[in-house]
Amino acid sequence: MSAVFLRLGLFLLPFAFFLLWLWLVRRLKQAGDETNPRLEKAVMLGGGVFVLAYAVVLYFYAGTTERADENMRYVPATTVDGEIVPGHFEKIPDN
């Protein structure tokens, strides 16, 4: 269950940051303020840090997932006796 929330959170995080940026820009324009170059640099730096952090999280998350060999096949998620069995890899039997 926590993996679902992790994936959902990673998916929604860029949209949340975009909405935050959009709200900030609209608020500054409504106030009639000129944009501060230091603020622009801070926003760009924050965006860069966010993208880097996002890439690092995805890299380490991908490193923890199971990889398949040539002698393995993927078995999709199924329901057994009303319970969900997650998808997994299993060895192909030798003939």
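Because the structure is a prediction, the values reported are computed rather than measured.
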Polar side-chain atom of Tyr54 near backbone of Leu10 as donor-acceptor pair, under 3.5 Å: yes

Same cluster or not: are [X] and [Y] linked, directly or through other Ile, Leu, Val, Met, Phe, Trp or Tyr residues, by side-chain heavy atoms under 4.5 angstrom apart?
X: Tyr74; Y: Met72; value: yes
X: Leu8; Y: Phe15; value: yes
X: Ile92; Y: Phe89; value: no
X: Val49; Y: Leu52; value: no

Sub-4.5 Å side-chain heavy-atom contact between Val85 and Thr79: no

Pairwise side-chain contact, Thr78 with Val80, heavy-atom cut-off 4.5 Å (strictly under): yes

Atom CZ of Phe11 with >12 non-hydrogen neighbours under 6.0 angstrom: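 No, not enclosed.
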
Exceeds 12 heavy-atom contacts within 6.0 angstrom, atom CG of Leu12: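 Result for CG/Leu12: enclosed.
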
From CA spacing to verdict: side chain to side chain contact (heavy atoms under 4.5 Å, CB included), Lys91, Asn71: CA-CA 6 Å; Lys91 287 192 174 194; Asn71 341 343; 5.6 Å; no

